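Okay, structure first, notes after.
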Amino acid sequence: MEDIRVNLKKTEDKSYNIIIADGVLDQIPSKIKEAGLGHKFAIITDSNVETLYAGDLSEGFKKNNLENKIISFPAGEQNKSREIKAWIEDQMLESKFGRDSAVIALGGGVVGDIAGYVAASYTRGLPYVQIPTTLVACVDSSIGGKTAVDTPHGKNLIGAFHQPWAVFIDVNTLLTLSEKEIREGLAEVIKYGIISDSALFSFLEENMDLIFSYNKEALTHIIKRGCEIKAKVVEKDERESNLRKILNFGHTIGHAVENLSDYKISHGEAISIGMVAEGKLAVEMDLWKESDLNKLINLIKKAGLPTDIPDYMKAEQIIDAMKLDKKSRSGNIEMVLPNRIGYMTQVDGGYGIKIEEPIIEKVI
Ligand SMILES: NC(=O)c1ccc[n+]([C@@H]2O[C@H](COP(=O)([O-])OP(=O)(O)OC[C@H]3O[C@@H](n4cnc5c(N)ncnc54)[C@H](O)[C@@H]3O)[C@@H](O)[C@H]2O)c1
Ligand SMILES: [Zn+2]
């Protein structure tokens, strides 16, 4: 028998910049040209964002003599599918995109996730640029390198880790969002306040009106803090072994609520409900002050998001749904719980806390 070793141990620098600037959309093509990122660009977007922003971006590439093609699919989570991914790839193959190409993901989290996954696998990997245009995408999905599509068996089950070359955030693009989409993003920003930034939490308490009047400074501030927090967490724990778990605050019960509602309750609404329920657990377990929980409930209400589990959902159903969720390893229910606003509880150096079912039943 011969043992032949294939030595692959190497360290690779996958660092990238997040550029947040008013009007940066117009400057992206020239920045990309300067960097020599590629010779041909697939601008992947959805039907809503296409009509709003893809034309100008494509023109900008043309002005810089960069060949590009807009590939747009119908908007909606149902299209974050393997079928649409294959359709996008076929469009690129037919247009002879080769290894000297790059992907531009222009849109919300749906576009970012599917375009990122196309970039991860097309000719075994192309560089890609994230241009997030929803608040969720700006503060969450565009950072961290998780890319995926949904399947009939569950969301985000097929995908890859693939870090973008850069993320460009133009706050102007958020001005066309509906209030509902602003609320979706705010749920994650509130989460960042609880898990890591009490000043951000206070800013939200004091400036909700400005945010809902689409004030650019207020939006820029929460995006900047959101990106900084997510970036810090992901930097320290790229593949979710410990610290990255804190990003799951509100998501363990939240995912169960989202699933049980058959996705009629949106992700932002579900995690708002989840943060309150998990916060109640933390209070029940003497880890968190009730006055802080009340601050959280008030802030979520101020953002126009729900705080209560719908009556039709029973405790056992929620517990079963949590056990099925990929975040609960080996049937144990694990959560991350706050300790103070801005700090999460650690037990023996770990953030994941095993929770006994009777306590969950009591709180729910
Ligand atoms: N990869 C990650 O780490 C990660 C993290 C969080 C969420 N996600 C994923 O992100 C997705 C949700 O993202 P989302 O909330 O951005 O949804 P989305 O991409 O569906 O966007 C929501 C709606 O807003 C529209 N839209 C986008 N930008 C707009 C703009 N500037 N003006 C007007 N309308 C605009 C879209 O066309 C869509 O109809 C989910 O699939 C989720 O799984 C991924
Ligand atoms: Zn989330």
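All ligand and atom numbering here is 1-based and tracks the order in the structure. Basis for what follows: all heavy atoms, side chains included, without hydrogens, waters or symmetry-related copies. Keep in mind it's a predicted model, so treat the numbers as computed, not measured.
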Minimum-distance protein heavy atom relative to [atom]:
atom: atom 14 (P) of ligand 1; result: Gly109 N, 3.5 Å
atom: atom 18 (P) of ligand 1; result: Val110 CG2, 3.8 Å
atom: atom 35 (C) of ligand 1; result: Leu177 CD2, 3.7 Å
atom: atom 28 (N) of ligand 1; result: Thr133 OG1, 2.7 Å
atom: atom 43 (O) of ligand 1; result: Lys80 NZ, 3.0 Å
atom: atom 41 (O) of ligand 1; result: Glu77 OE1, 2.6 Å
atom: atom 9 (C) of ligand 1; result: Asp113 OD2, 3.4 Å
atom: atom 27 (C) of ligand 1; result: Thr134 CG2, 3.3 Å

Answer yes or no: is there an ion pair linking [X] with [Y], defined by an N-O contact shorter than 4.0 Å?
X: Lys85; Y: Glu89; result: yes
X: Lys280; Y: Glu290; result: no
X: Lys362; Y: Glu284; result: yes
X: Asp140; Y: Lys230; result: yes
X: Glu59; Y: Lys62; result: yes
X: Asp150; Y: Lys155; result: no

Go through ligand 1 atom by atom and flag the ones less than 4.0 Å from a non-hydrogen atom of [X].
X: Thr176; answer: 30 (C), 31 (N), 32 (N), 33 (C)
X: Thr173; answer: 30 (C), 31 (N)
X: Leu52; answer: 32 (N), 33 (C)
X: Val136; answer: 13 (O), 15 (O)
X: Lys146; answer: 1 (N), 3 (O)
X: Asp46; answer: 36 (C), 37 (O)
X: Tyr53; answer: 31 (N)
X: Asp140; answer: 5 (C), 6 (C)

Review point. Residues in side chain to side chain donor-acceptor pair (under 3.5 Å) with Glu67, at least two apart?
Key: Lys40

Practice item. Count the heavy atoms belonging to other residues, nucleotides or ligands that lie under 6.0 Å from NZ of Lys180, then report whether that count exceeds 12. Key: yes

Exercise for review: Evaluate whether atom NZ of Lys302 has more than 12 neighbouring non-hydrogen atoms of other residues, nucleotides or ligands under 6.0 angstrom away.
Suggested key: yes

Point to revise | Residue and atom names of protein N/O/S atoms that fall under 2.8 Å from the Zn ion (ligand 2) | key: Glu188 OE2, His251 NE2, His267 NE2

Check your understanding: Is NZ or CZ of Lys146 both nearer than 6.0 Å to the six-membered ring centre of Phe161 and within 45° of the ring axis?
Key -> no

**Study point:** Heavy-atom nearest neighbour of atom 2 (C) of ligand 1 within options Ala75, Ser141, Gly145
**Key:** Ser141

Review point. Leu25 pairs by side chain to side chain contact (heavy atoms under 4.5 Å, CB included) with which of Ile131, Asn172, Ile169, Thr133?
Key: Ile131

**Study point:** Tyr117 ring center near His162 ring center (under 6.0 Å)
**Key:** no

Exercise for review: Using the six-membered ring wherever Trp is involved, compare the ring planes of Phe249 and Trp288 and label them parallel, tilted or perpendicular (cut-offs 30° and 60°).
Suggested key: perpendicular

Point to revise | Parallel, tilted or perpendicular: ring planes of His255 versus His251, cut at 30 and 60 degrees | key: perpendicular

Review point. If you measure from each non-hydrogen atom of Glu181 to ligand 1, which part falls under 4.0 Å: side chain, backbone, both or neither?
Key: side chain

**Study point:** Pair Glu50-Ser72, side-chain donor/acceptor within less than 3.5 Å
**Key:** yes

Practice item. Ignoring angles and geometry beyond distance, decide whether Leu174 reaches within less than 3.5 Å of ligand 1 through its nitrogen or oxygen atoms. Key: no

Exercise for review: Answer with yes or no whether Lys230 contacts ligand 1, where contact means a heavy atom under 4.0 Å from a ligand atom.
Suggested key: yes

Review point. Any link between Leu57 and Ile44 through a network of hydrophobic side chains (Ile, Leu, Val, Met, Phe, Trp, Tyr) touching at under 4.5 Å?
Key: no

